[in-house]
Amino acid sequence: TQLLEQSPQFLSIQEGENLTVYCNSSSVFSSLQWYRQEPGEGPVLLVTVVTGGEVKKLKRLTFQFGDARKDSSLHITAAQPGDTGLYLCAGVNNAGKSTFGDGTTLTVKP
Amino acid sequence: ETGVTQTPRHLVMGMTNKKSLKCEQHLGHNAMYWYKQSAKKPLELMFVYNFKEQTENNSVPSRFSPECPNSSHLFLHLHTLQPEDSALYLCASSTAGTSEYGYTFGSGTRLTVV
């Protein structure tokens, strides 16, 4: 079974601060996805990273896939209350099957 | 309507009741999924359908019975559930056979078993 560990589990910061959340595994993935889930809603896909070392930017969000394709990070610059939510990573194996991490709950206080 | 639509949004049922959850997508996807999301646990994959055929059942108890009449619709029939089955049930769709390009999730059904 491929396991994905996300850290920290909970994060509470003030508006304007920067933060990084991590997604780690001992397994190699063919790609990795990040989702954000707001209360009462389903997860929404933010990005898919495919190549080891790849960096993708989505406005204030920067996603990086580890060189060995076993880990990933999400960095948010100047966090805003609208960034509040549960951030989930999901690793996809060679068979196209996904494994989800247990998530990081982010609260950004105004 | 675009995206993945789930109904009902909330459901309270007794342990002896029978109810069904419905999921509908108009994205042209050919794979549909049921996931269970419980507090402090990763998303648990329950069932996978590709082109209406069930291709995965992750040891789900028989009190959960899926049905996929076509590539756009997915149901989850519930009967004699237990309180520990209370959770958010999420439907998702993707291009056939793979989650490589990501899932599109519905908003979920919040199920409470009393």
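The sequence lines fix the lettering, A, B, ..., with proteins before strands; numbering per chain opens at 1. The figures that follow rest on heavy atoms only: side chains count, while hydrogens, waters and symmetry mates do not.
For the pair B:Tyr35 and A:Ser98, the tightest heavy-atom approach, listed with the atom from each and the gap, is OH-CB, 4.4 Å. Smallest separation of non-hydrogen atoms from B:Phe105 and A:Tyr35: CE1-CE2, 3.8 Å.
Contacts of B:Gln6 with chain A are absent, with no heavy-atom separation under 4.5 Å from either backbone or side chain. Neither the backbone nor the side chain of B:Leu45 comes within less than 4.5 Å of any heavy atom in chain A. The part of A:Leu88 that comes within reach of chain B is its side chain, from C-beta onward, which places non-hydrogen atoms under 4.5 angstrom from that chain.
In the hydrophobic cluster analysis, where Ile, Leu, Val, Met, Phe, Trp and Tyr join through side-chain heavy atoms closer than 4.5 angstrom, A:Leu32 is grouped together with A:Val21. With hydrophobic clusters built from ILVMFWY side chains whose heavy atoms lie under 4.5 angstrom apart, B:Met13 shares a cluster with B:Met15. No continuous path of hydrophobic side-chain contacts links B:Phe47 to B:Phe51 [ILVMFWY only; heavy atoms under 4.5 Å]. Cluster annotation: A:Tyr87 is connected to A:Leu58 through the hydrophobic network of ILVMFWY side chains, with a link wherever side-chain heavy atoms come within less than 4.5 Å.
A:Asp83 is linked by a salt bridge (Lys or Arg N to Asp or Glu O under 4.0 Å) to A:Arg60, counting only residues two or more places apart in sequence or in another chain.
Listed by sequence position, A:Phe100, A:Gly101, A:Asp102 are the residues of residues 100-110 of chain A in contact with chain B, using a 4.5 angstrom heavy-atom cutoff.
Screening residues 34-66 of chain A for disulfide bond (SG atoms under 2.5 Å apart), with sequence neighbours left out, gives no hits.
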Show me the donor-acceptor pairs, under 3.5 Å and distance only, between side chains in residues 41-51 of chain A and residues at least two apart or in other chains.
from: A:Glu41; atom 1: OE1; to: B:Ser107; atom 2: OG; distance (Å): 2.8

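Other residues, nucleotides and ligands contribute over 12 non-hydrogen atoms within 6.0 Å of the NZ atom of A:Lys56. The number of heavy atoms from other shown groups lying within 6.0 Å of CD (A:Glu5) does not exceed 12.
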* What do the steps show when you test B:Leu43 against A:Gln37 for side chain to side chain contact (heavy atoms under 4.5 Å, CB included), and what is the final call? -> CA-CA 12 Å; B:Leu43 282 169; A:Gln37 184 176 17; 5.8 Å; no
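Residues A:Leu86 and B:Gln37 meet the side-chain proximity criterion, which asks for heavy atoms closer than 4.5 Å.
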